[in-house]
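Presented below is the structure to which this report refers.
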Amino acid sequence: MVDEINSLGREKIDEIVANEYPEFLIKEKREEKHELPELRNVHGRVVMRMAPSPSGPLHIGHSRMAILNDEYVKRYGGELILRIEDTNPDNIDPDAYQLIPEDLKWLGVNVTKSVIQSSRMEIYYRYARDMIKSGHLYVIERDQKYFHDMKMKSLAVPERNASPEENEEKFDRLLNNYYDEGQAAVVMKTDLNHPNESIRDWIAFRINKTPHPLTGDRYVLYPTMNFSVSIDDHLLGLTHVIRGIDHLVNTEKQRYVFRANNWKEPEYYHYGFIKIPDSVLKTSTIKEGIRTGRYTGWDDVRLGTLMALRKRGYSPETFRRYWIMSGMRESNAVFSWDIFDSIDREIIDYKSMRFFFVNNPVKINLENNIDLKSHVPYHPERPDLGFREYDFHVNSDIYIDENDLNSIDEGEYIRLKDLCMARKAGGKISYVPDDGRRKLRVIHWCPVNSIDFKVYRPDGTVDSGKLEPLAESLNGVAQMERYGYINKSGCTGYYLHR
RNA sequence: GCUCCGAUGGUGUAGUCCGGCCAAGCAUUCCGGCCUUUCGAGCCGAUGACUCGGGUUCAAAUCCCGAUCGGAGCACCA
């Protein structure tokens with residue numbers, strides 16, 4: 001039967017279907033849904049975590065892991081742990097301990113519990129001691145090159161076979177500050193024949209004598225991320241871990257700790273890299289920029305930090321929708337400011353009041369022979385918000401954008417938005433009575449008593465011009481007609497997007 | 001070089017696990033038009049993709065093999 005039908009050929013089949021079963025040709029419009037996929041092995045509540053290192057505040061890239069984890073905890077219920085990973089004293093900005101939670105709060109991420117790894121050192125030591133006793137950890141007293149060369153060749157260093165007692169003795173020496181940096185380390189025993197050299201016996205603890213911002217010089221032996229993460233993921237009861245593909249190999253390493261202790265492993269997910277164009281994100285670059293005065297601070301609008309994006313007026317909801325839309329694919333992608341801004345516009349448009357901001361202002365006289373009145377709603381679709389009203393007596397001055405002035409042809413009729421018709425003659429724009437004609441070019445304007453206003457753009461340029469008086473007392477996100485959305489704060493504004 | 005991962009229009013995604021409803025959906029951008037006293041919003045339309053080559057099958061974006069391209073890791077960083 002099937003063979004018979006298939007042998008008919010596409011056109012013949014279409015013909016038969018069209019004649020005899022026309023109802024099959026009606027296509028339902030498929031709904032688009034941007035939902036995150038279900039997680040594997042969810043039994044009731046989930047426990048998830050975000051694990052930033054405190055090297056600075058969060059940037060737009062970090063917001064992905066925060067949103068993804070938060071979304072799932074919101075969906076299934078459970079705990080969302082913020083774990084600050086500060087086990088490398090060389091890479092800590094003390095301010096980050098405050099800034100990170102503030103960023104998360106602004107994003108609407110509901111952290112139910114916070115832990116700081118540097119306050120859990122005794123826990124790591126205790127588990128290390130246990131794992132030394134069970135033969136999973138050993139201490140080397142060698143420079144790293146020797147150790148590294150040996151494992152590249154799948155060879156065991158002699159210490160690998162030392163007795164637990166011997167290792168514990170050395171471990172105590174490590175704890176008691178007996179060695180200099182680089183002279184000794186604690187190693188996780190994995191598999192020297194693993195095809196991926198970096199997964200073979202990896203370093204679990206190393207010496208670092210840089211004073212720690214929180215614990216000072218109390219400790220000199222710090223766990224590496226792969227060790228402390230494994231211990232904490234287990235102890236905190238993580239059910240699901242979502243992080244970037246840069247951790248793919250780390251996940252493999254951490255599994256050895258779980259297996260060594262017979263612990264139940266969380267479900268792991270890794271999302272791909274996102275290239276974020278036109279953004280300064282690198283913490284070291286930003287820090288250096290702030291130090292040299294190139295940037296005004298972490299919230300400089302030229303930066304891609306959440307602080308900067310917040311200052312420009314982005315809605316936290318935009319981040320959420322964007323990252324949910326991006327999902328958890330392992331393939332790399334390019335961040336789209338177009339899409340991001342479009343989402344943001346959708347969110348803010350309805351609640352943004354409209355104003356006139358004239359950039360590059362030039363004063364002109366309207367030469368109006370009658371009094372004029374402008375009566376404009378604060379929002380074109382929302383008369384409930386009220387109206388902006390300005391009165392103009394005979395021969396009023398107004399400001400218009402010099403670029404507008406120059407782009408109007410001699411003799412051309414234009415419309416000054418919500419004010420009157422005008423015509424360019426002899427290089428000047430003058431009032432003409434409204435004859436009701438349509439489709440004229442529309443330009444905006446500002447009354448002479450407008451305030452001086454500056455707008456800082458993310459590309460580093462600054463627009464300065466005139467802002468209509470009724471906008472003076474209002475702060476927050478507003479739309480400057482024919483210019484774009486800005487976030488206003490006093491006499492300055494920050495450019496959001498078109 | 002070694003190990004691992006990935007590949008759907010310009011961009012982002014849906015579909016891939018469990019082959020047929022996919023002659024491939026949605027969003028965004030660009031282009032054309034409408035509407036509009038904003039360059040915002042809205043409406044209509046158009047262009048545009050399953051990396052390539054084999055294989056399996058009645059049937060492949062989907063399964064298998066290979067190639068190509070891209071990415072990550074190869075730290076006593078996270």
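Throughout, protein chains are lettered first and strands after them, A, B, ... in sequence-line order, and every chain is numbered starting at 1.
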Please work out if N208(A) contacts a base, only the sugar-phosphate, or nothing of the nucleic acid, heavy-atom cut-off 4.0 Å.
nothing

Answer with base, sugar-phosphate or nothing: what part of the nucleic acid does R142(A) contact at a heavy-atom distance below 4.0 Å?
base

Under 4.0 Å between any heavy atoms, over every strand shown, what does D338(A) touch: base, sugar-phosphate, or nothing? Just pick one.
sugar-phosphate

Criterion side chain to side chain contact (heavy atoms under 4.5 Å, CB included) against P52(A), the qualifying member of D103(A), L104(A), D86(A), I100(A):
I100(A)

Would you indicate what E252(A) reaches in the nucleic acid, counting non-hydrogen atoms under 4.0 angstrom: base, sugar-phosphate, or nothing?
nothing

Looking only at U37(B), A41(B), U3(B), the nucleotide nearest the P195(A) side chain is U3(B)

Between U28(B), A78(B), A72(B), which nucleotide gets closest to the side-chain atoms of F273(A)?
A72(B)

What's the gap between A75(B) and C69(B) when it is taken at their P atoms, as a whole Å value?
25 Å

Ignoring the backbone of R438(A), work out which of A78(B), C39(B), U37(B) is nearest its side chain.
U37(B)

Out of A78(B), U11(B), U38(B), which nucleotide sits closest to the side chain of S336(A)?
U11(B)

Could you tell me which nucleotide pairs with C58(B) by Watson-Crick or G-U wobble geometry, both distances under 3.5 Å, or answer none if nothing does?
G20(B)

Would one find a side-chain N or O of T87(A) under 4.0 angstrom from OP1 or OP2 of A78(B)?
yes

Check the surroundings of atom OH in Y146(A): do more than 12 heavy atoms from other residues, nucleotides or ligands lie under 6.0 Å from it?
yes

Roughly how many Å apart are C58(B) and G19(B), using the C1' atom of each and rounding to a whole number?
12 Å

Does Q144(A) reach a base, just sugar-phosphate, or nothing at all? Heavy atoms under 4.0 Å.
base

With sugar-phosphate meaning primed atoms plus P, OP1 and OP2, does H270(A) contact a base, only sugar-phosphate, or nothing at under 4.0 Å between heavy atoms?
nothing

Would you say the rings of F355(A) and Y378(A) are close, in the sense that their centroids are separated by under 6.0 Å?
yes

T283(A): which of P57(A), S55(A), S53(A) passes side chain to side chain contact (heavy atoms under 4.5 Å, CB included)
S55(A)

So, is R206(A) near the phosphate of A78(B), with a side-chain N or O under 4.0 Å from OP1 or OP2?
yes

Under-4.0 Å side-chain N/O to phosphate OP1/OP2 contact, K439(A) with U37(B):
no

Grab the two heavy atoms, one from Y413(A) and one from L440(A), that are nearest each other, plus how far apart they are.
O-CD2, 3.5 Å

Under 4.0 Å, counting only non-hydrogen atoms across every strand here, what does R498(A) touch: a base, just sugar-phosphate, or nothing?
sugar-phosphate

Side chain of Q479(A) - closest among G40(B), G6(B), G71(B):
G40(B)

Minimum-distance nucleotide (side-chain atoms of R482(A) versus G73(B), A41(B), C39(B)):
C39(B)

Using the P atom in both, what is the distance from A59(B) to C21(B), to the nearest Å?
14 Å

Would the base of G40(B) count as contacting E346(A) through its side chain, where contact means a donor and an acceptor less than 3.5 Å apart?
no

Applying a 4.0 Å non-hydrogen cut-off, can you work out what E85(A) is touching in the nucleic acid: base, sugar-phosphate, or nothing?
sugar-phosphate

From U37(B), C74(B), A41(B), pick the nucleotide closest to the side chain of R345(A)?
A41(B)

Mind checking N403(A) for me? I need base, sugar-phosphate or nothing, with any heavy atom below 4.0 Å counting as a touch.
nothing

When you measure from the side chain of I339(A), which nucleotide among U37(B), U38(B), A27(B) comes out closest?
A27(B)

Taking any heavy-atom pair under 4.0 Å as a contact, classify G327(A): base, sugar-phosphate, or nothing.
nothing

Compare every heavy atom of W202(A) with every heavy atom of N226(A), then report the nearest pair and how far apart it is.
CB-CZ3, 3.7 Å

Taking a pair as Watson-Crick or G-U wobble with both distances under 3.5 Å, which nucleotide is matched to C2(B)?
G73(B)

For G70(B) versus U28(B), give the span between their P atoms, rounded off to a whole number of Å.
32 Å

Between A24(B) and U51(B) - P atom distance, rounded Å
16 Å

Among the candidates C76(B), C77(B), G73(B), find the nucleotide nearest to the side-chain atoms of N88(A).
C77(B)

Would you please classify the geometry between the Y314(A) ring and the W337(A) ring as parallel, tilted or perpendicular, with 30° and 60° separating the classes?
tilted

Quick one: label Y322(A) by what it contacts on the DNA or RNA (base, sugar-phosphate, nothing), any heavy atom closer than 4.0 Å.
nothing

May I ask you to say what R329(A) touches in the nucleic acid, namely base, sugar-phosphate or nothing, with a heavy-atom cut-off under 4.0 Å?
base

Checking contacts here: which listed nucleotide (C5(B), G40(B), C74(B)) is nearest the side-chain heavy atoms of E381(A)?
G40(B)

Under 4.0 Å, heavy atoms only, any strand: does P52(A) hit a base, just the sugar-phosphate, or nothing?
nothing

Touch check for K275(A), heavy atoms < 4.0 angstrom, all strands: base, sugar-phosphate only, or nothing?
nothing

Which nucleotide, if any, forms a Watson-Crick or G-U wobble pair with C35(B), using both distances under 3.5 Å?
none

Looking at D217(A), I'd like to know if its CG atom is crowded, meaning that more than 12 non-hydrogen atoms belonging to other residues, nucleotides or ligands lie closer than 6.0 Å.
no

